[in-house]
Amino acid sequence: MEIRKQDLKRINEYLWEIPRDFRSDMRVPARVYISEKMLDSLFKDRTLTQLVNTAAMPGVVKYSIVMPDAHEGYGFPIGGVVAMRVDSGLISPGGIGYDINCGVRLLKSSMTVDEVKDHLPDLVSQIYTNVPSGVGRGGYLKLDKSSFNQVMTRGAKFMVERGYGDGKDLNQIESEGQLKGANPEMVSDTARKRAFDQLGTIGAGNHFIEVQKVDEIHTEEEAEKLGLFKGQVCVMIHTGSRGFGHQVATDYIRKFMKAMTKYQINLPDRELAAAPFSSEEGKAYWQAMSCGANFAWSNRQFITAMIRKAWGKVLRDGDLPIVYDVSHNIGKIERHLDENGKEIDVLVHRKGATRAWQGQPVLIPGSMGTASHILVGTDQTMEETFGSSCHGAGRLMSRSAAKRQIRGQDLKKELESKGIIVKAGSTSGLAEEAPQAYKDVDDVVDVVHGAGIAKKVARLVPLAVIKG
Amino acid sequence: MVKEIPKKFEILEHTADIRLKVFGSSPKELFKNALYAMGYVQKPDIVEQSTVGRIIGRLRGRRVVEEVAIESMDYDTLLVDFLSGVLSYSDTQNAVFFDVKFKEFSENKAEGLIYGVKVDDFDKDIKAVTYHEVEVKEIEPGKWESTLVFDI
């Protein structure tokens, strides 16, 4: 059933709702955070149909949500937040995504752009050497079986114990860089094989490392708390659980196909594949997914160590504390209010959405060459969005359309003319990630700020981009 | 008269991922073409110049042959599970696969040898083969097709 503009009821300036009676299988309404200006972008693909599909899942609480950076995914929309009852709801690997715990980490230096400027080309080369990017370039950390089990069960904590960081790092990571329910026995040999040489690599696609400068401070008080100041040089990392997480998700979506028949779950799209959270299959996936999440945190922790090493070598100053590390593809058990205002345990699926608890930093990377934003969660996120906010700019244009319109070489030149250093493995891959292919991240952030589901703190702009 | 070569696949629009339509005169051929399409997305230039009998120039000696045996519920899930199996090999072997010779092929089982070439890198990192919109169907006698969405 096609969704038209008039099917959306406006609740306030930045919030629309598709009522429960829009489609007979909906169990809850579906909510959309967006501005009038951006609204049309949602009708260009199947985002809203996919959102309505998630509102039809058994056990869904209150409403399913998409953020302003939403776009069509497969099964769940990207930019989606769907909370399920822990006691009677479902868990869906597709609602978490193949790149389990894909996320963003920001490191801050104590130096200004003027101090770093002349060393920037060397710094970029050194980071590029220390942190393999692209597909097929292996990492430098190879672990034996028992160490790898520790990566899966203890995440960033294990990496810190191995000397790749210090204890203070863990306080600045969502869930302290470890999901405690992890059980390596639930992970296939194939997933382990794929992980073998991928720790410490960023991969390809929209993943990157950027050297950035703080360009604008919106809230002095909050910025000060996070140790951010205008002109400061920072490093942002965007990557996830690589082939390991992809395999865990693939394995379980396959298993859940059968589980759907077993538990007689009928959903509008196979890729929504889900099983009761309390079932054997549901628990097994939760334990394996937690291994994937821990792998990703280990990955970002090891990459951090490699960036610090590069920084130390080039700038004789290796101290790059973590501002924060957030996941934007993950499932979390949290306590939130249900439709009756009662506090219950829910499993929050965040697929292309960021946890944004009150006072917690929220990191929103822009598309390549554009600004990134630091926000902070509010009490309103706890009431309205299961403690969640947006995760990025959000794609607008397909990869093939972007390649037809933009040449990688031209884009590289354009960025370089703005003084941005670009180090990329593939120039055609570069074109696909062109800023024109994305929504304007400033618009996206204005919506979540305006809606009160995260407050703007600072804006960062890139000095150098490293991509696969 | 030049005989028209039937199209193996075409690329459709998708906002963030890769959506394809794959074709074949039978389910078996559709599976073979889907494997080719996946390799093509990963590394078009290498896949275009590779055939089982002939791997040319600098690719000589980099041939990879693996065995796959996948069982599943129906053609739709079998197609995805088969390609996911190939993708796992692709990642662990750093190889792109371009052809398959089936020893056994039915609605529930695909078993055979897949042929590929080792590569230094990939043009595109396919994270996963999704079940989204997959429907292996005969649109007219002797013409099969399915949509496929790769997570990128």
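Here is how names work: the chains are called A, B, and so on, in the same order as the sequence lines, proteins then strands, and each is numbered from 1.
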K.L.:
Give a yes or no on this: more than 12 heavy atoms of other residues, nucleotides or ligands lie within 6.0 Å of atom NZ of B:Lys103.
P.N.:
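Check passes, neighbour count above 12.
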
K.L.:
Flag the one option from B:Asp151, B:Thr92, B:Ile152 with the top tally of heavy-atom pairs under 4.5 Å to chain A.
P.N.:
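With the most close heavy-atom pairs to chain A, the winner is B:Asp151.
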
K.L.:
Considering the options A:Arg399, A:Arg404, A:Arg407, A:Lys467, which one meets the salt bridge (charged side-chain N to carboxylate O under 4.0 Å, His left out) requirement together with A:Glu432?
P.N.:
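So the option named by the test is A:Arg399.
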
K.L.:
Counting only non-hydrogen atoms closer than 4.5 Å, does A:Phe196 touch chain B with its backbone (N, CA, C, O), its side chain (CB onward), both, or neither?
P.N.:
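The answer is neither part of A:Phe196.
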
K.L.:
Given that the side chain runs from C-beta out, which part of A:Gln247 has a heavy atom under 4.5 Å from chain B: side chain, backbone, both or neither?
P.N.:
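Answer is side chain: those atoms of A:Gln247 sit under 4.5 Å from chain B.
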
K.L.:
Look up atom OG1 in A:Thr129 and atom NZ in A:Lys423, then write down how far apart they are to the nearest 0.5 Å.
P.N.:
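Rounded to the nearest 0.5 Å, the OG1-NZ separation comes to 7.0 Å.
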
K.L.:
Who among A:Arg46, A:Gln198, A:Lys193, A:Lys44 has the most heavy-atom pairs with chain B under 4.5 Å?
P.N.:
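Max contact count across the listed options: A:Arg46.
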
K.L.:
Apply ring pair (Phe, Tyr, Trp, His ring centres under 6.0 Å) to B:Phe98 and B:Tyr36, showing your working.
P.N.:
CA-CA 5 Å; B:Phe98 55 84; B:Tyr36 179 91; 8.1 Å; no

K.L.:
Between OG of B:Ser72 and NZ of A:Lys258, what distance do you get to the nearest 0.5 Å?
P.N.:
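Here the interatomic distance stands at 6.0 Å.
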
K.L.:
Relative to chain B, which segment of A:Leu396 carries a heavy atom at a distance below 4.5 Å: side chain, backbone, both, or neither?
P.N.:
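Contact with chain B involves the backbone of A:Leu396 alone.
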
K.L.:
For the interface with chain A, which of B:Val149, B:Val80, B:Asp17, B:Asp81 has the highest count of heavy-atom pairs at distances below 4.5 Å?
P.N.:
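The option with the most such pairs is B:Asp81.
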
K.L.:
Against chain B, label A:Met397 side chain, backbone, both or neither, depending on which of its atoms sit under 4.5 Å from a heavy atom there.
P.N.:
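Backbone only.
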
K.L.:
Take A:Tyr98 and A:His246, measure what ring pair (Phe, Tyr, Trp, His ring centres under 6.0 Å) needs, and give me the verdict at the end.
P.N.:
CA-CA 5 Å; A:Tyr98 286 94; A:His246 309 165; 7.6 Å; no

